[in-house]
Amino acid sequence: MGESTKSPISAAKYYGILGISKSASLTDICKAYKHLVKKWHPDRNTSNQAEAVDKFRSINEAYKVLSKKKRDEENLLKSDVAKTPRKSSDEDELQISSPTLLSRTTSRISPTVDFYTFIPCFSMSGASTPTTPGTPISDQTPNLFKVASKRNTTPPIIFSQSTSRRKPQPIEKKLECTLEELCHGCVKKVIITRDVIATTGLIVKEDEVVTIKVRPGWKRGTKITFEGKGDERPGTLPADIVFSIDEKTHPLFKREGDDLVLGVEVPLVQALTGFEKIIPGQGMPKPKEDTRRGDLVLQFLVEFPLDLSREQRFQVVSILEDCS
């Protein structure tokens, strides 16, 4: 005979193991079982593992017997109701429909096989290890329990197995430099403000000064990277900060690759007669003043032809008349 026909003494013992009354429903049995298997799982009771193993087996045995007993009682009740002739009174219709409703409710929560097979066990590392019926308790090494039934539609929690922290995209900033700074080189100090994680776990603002040595000849778009100087966020590595060289517009010179182009507009009179252009501080060093220089004087001399043909003279006169 099945387990449901065991003596009342055995059934009372199983009710006592699960800590429920004899009038408990199948739902109550399931709830008590879920609570106790979590409490007495051997991996949660390392200090008294022998006692936990014994209780764990008793709890599983009690659940198997009592859940089957309750299912048999419900099936018998449904069988009796099915044999009862249909009556026209509302009261009798209610008596017939109630067990049907009960069977629909309990069929969603009553396991069709050993309830323990529906319990996936998760280790702390995140790997999922299902428990196999008949496997010795000492060979099962899960650290967490998540009880799942057919009624539970919530997906199980899956822990990531990756321990590496992701690095976010770098933070890009522009570093403006004059043409003189890019020509001779310079040292720039920049203050960066970033988010950091304090020892208390809170995110606070922090200012830091970084030094950038601009080398002579650097071009627009040259990148300087400071690793780990960006914002910090929980669970990720600090971002990098990338400074990109940007060239300021010069009032006189224009850069074309490695060349400097100087475009100067002059009146026609100066172009014909010549003139001077003075660039301060670009002349010879002054011996008595180490940090000072003389000026660079550019003198534009116009060379005119000594002889002009008659046709050329008429063309010159025509050009000069138009300029006036």
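We're numbering straight along the sequence, starting at 1.
Sorted by first and then second residue, the ring-ring contact (aromatic ring centres under 6.0 Å, His included) pairs with a member in residues 232-252 read Phe226-Phe243, His250-Phe253; sequence neighbours excluded. Applying the side-chain hydrogen bond (donor to acceptor under 3.5 Å, both in side chains) test to every pair with at least one member in residues 292-308, sequence neighbours left out, gives these pairs: Glu289-Arg292. Pairs engaging residues 270-283 under the salt bridge (charged side-chain N to carboxylate O under 4.0 Å, His left out) rule: none recorded [sequence neighbours left out]. The stretch residues 190-205 participates, sequence neighbours left out, in these salt bridge (charged side-chain N to carboxylate O under 4.0 Å, His left out) pairs: Arg194-Glu206, Arg194-Glu208, Asp195-Lys205, Asp195-Arg233.
Taken from NZ in Lys22 to CG in Leu66, the straight-line distance is 11.0 Å, to the nearest 0.5 Å. If you take NZ on Lys223 and OG on Ser244, they are separated by 4.0 Å, rounding to the nearest 0.5 Å. If you take OG on Ser23 and OH on Tyr15, they are separated by 8.5 Å, rounding to the nearest 0.5 Å. Going from atom NZ of Lys173 over to atom CD1 of Ile224 covers 13.5 Å, rounded to the nearest 0.5 Å. The distance from atom CD1 of Ile197 to atom OG1 of Thr236, rounded to the nearest 0.5 Å, is 7.0 Å. Atom CZ of Arg57 is separated from atom CD of Glu61 by 11.0 Å, given to the nearest 0.5 angstrom.
When the shell of 6.0 Å around CZ of Phe314 is examined, it contains 12 or fewer heavy atoms from other residues, nucleotides or ligands. No more than 12 heavy atoms of other residues, nucleotides or ligands sit less than 6.0 Å from atom NZ of Lys39.
The hydrophobic cluster containing Val297 also includes Ile278, under a criterion of side-chain heavy atoms closer than 4.5 Å among ILVMFWY residues, counted directly or through chains of members. Grouping Ile, Leu, Val, Met, Phe, Trp and Tyr residues whose side-chain heavy atoms lie under 4.5 Å apart, directly or via other members, places Val209 in a hydrophobic cluster with Ile191.
Shown here for Lys38 and Arg44, the closest heavy-atom pair between the two residues is O-CD, 3.2 Å. In terms of heavy-atom proximity, Ala239 sits nearest to Pro168 at CB-CG, 3.7 Å. Residues Lys229 and Ile241 come closest through the heavy atom pair O-CD1, 3.2 Å. Minimum interatomic distance between Val53 and Pro42 (heavy atoms only, all atoms of both residues): CG2-CG, 3.9 Å. Nearest heavy atom pair, residue Val242 against residue Pro170, reads CG2-CB, 3.9 Å. The shortest non-hydrogen separation linking Ile20 to Ala32 is CG2-CB, 3.7 Å.
You'll find the side chain of Lys248 stays beyond 4.5 Å of the side chain of Glu181, heavy atoms only. Side-chain atoms of Gln312 and Pro305, non-hydrogen and from C-beta on, never get closer than 4.5 Å to each other. Annotation: side chain of Pro238 is not in contact with side chain of Val196 (no heavy-atom distance under 4.5 Å).
Linking Ile, Leu, Val, Met, Phe, Trp and Tyr whenever their side-chain heavy atoms come within less than 4.5 Å puts Val210 and Leu175 in one cluster. Residues Val190 and Ile245 are members of one and the same hydrophobic cluster, defined by side-chain heavy-atom contacts under 4.5 angstrom among Ile, Leu, Val, Met, Phe, Trp and Tyr. Connection of Leu252 to Leu298 is established within a shared hydrophobic cluster, with ILVMFWY side chains joined at heavy-atom distances below 4.5 Å, either directly or through further cluster members. Hydrophobic clustering (side-chain heavy atoms under 4.5 Å, transitive across Ile, Leu, Val, Met, Phe, Trp, Tyr) groups Phe300 together with Ile279.
Looking at residues two or more places apart in sequence or on another chain, you find a side-chain contact (heavy atoms from CB on, under 4.5 Å) between Arg313 and Leu308. Partners of Asp240 by side-chain hydrogen bond (donor to acceptor under 3.5 Å, both in side chains), not counting sequence neighbours, listed by chain and number: Lys167. Ser25 is linked by a side-chain contact (heavy atoms from CB on, under 4.5 Å) to Thr27, Asp28, counting only residues two or more places apart in sequence or in another chain. In this structure, the side-chain contact (heavy atoms from CB on, under 4.5 Å) partners of Ile59, at least two apart in sequence or on a different chain, are Ile17, Leu18, Tyr33, Leu36, Val37, Trp40. Contacts of Ser47 classified as side-chain contact (heavy atoms from CB on, under 4.5 Å), with partners at least two apart in sequence or in another chain: none.
The side-chain contact (heavy atoms from CB on, under 4.5 Å) with Cys177 is formed by just one residue from the set Leu182, Thr222, Ile212; it is Leu182.
Contact check on Glu73 versus Lys70 returns a salt bridge, with a Lys/Arg side-chain nitrogen under 4.0 Å from an Asp/Glu carboxylate oxygen.
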task: Would you check, one step at a time, whether the test salt bridge (charged side-chain N to carboxylate O under 4.0 Å, His left out) holds for Arg71 with Glu74?
output: CA-CA 5 Å; Arg71 287 197 299 271; Glu74 293 173 0; over 6 Å; no
message: Please determine whether side-chain contact (heavy atoms from CB on, under 4.5 Å) holds for the pair Leu260 and Leu179, giving the CA-CA distance in whole Å, both sets of side-chain angles, and the decisive distance to 0.1 Å.
response: CA-CA 10 Å; Leu260 288 177; Leu179 197 58; 3.7 Å; yes
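Under a 3.5 Å cut-off, the side chain of Arg255 and the backbone N or O of Gly257 do form a donor-acceptor pair. When atom types are taken as modelled, the side chain of Ser58 and the backbone of Asp54 share a donor-acceptor pair closer than 3.5 angstrom. Side-chain atoms of Asn45 come within 3.5 Å of backbone atoms of His41 as a donor-acceptor pair (strictly under, hydrogens ignored).
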Could you tabulate the donor-acceptor pairs under 3.5 Å formed by side-chain atoms of residues 213-221, not counting sequence neighbours?
from, atom 1, to, atom 2, distance (Å)
Arg220, NE, Asp246, OD1, 3.3
Arg220, NH2, Glu247, O, 3.1

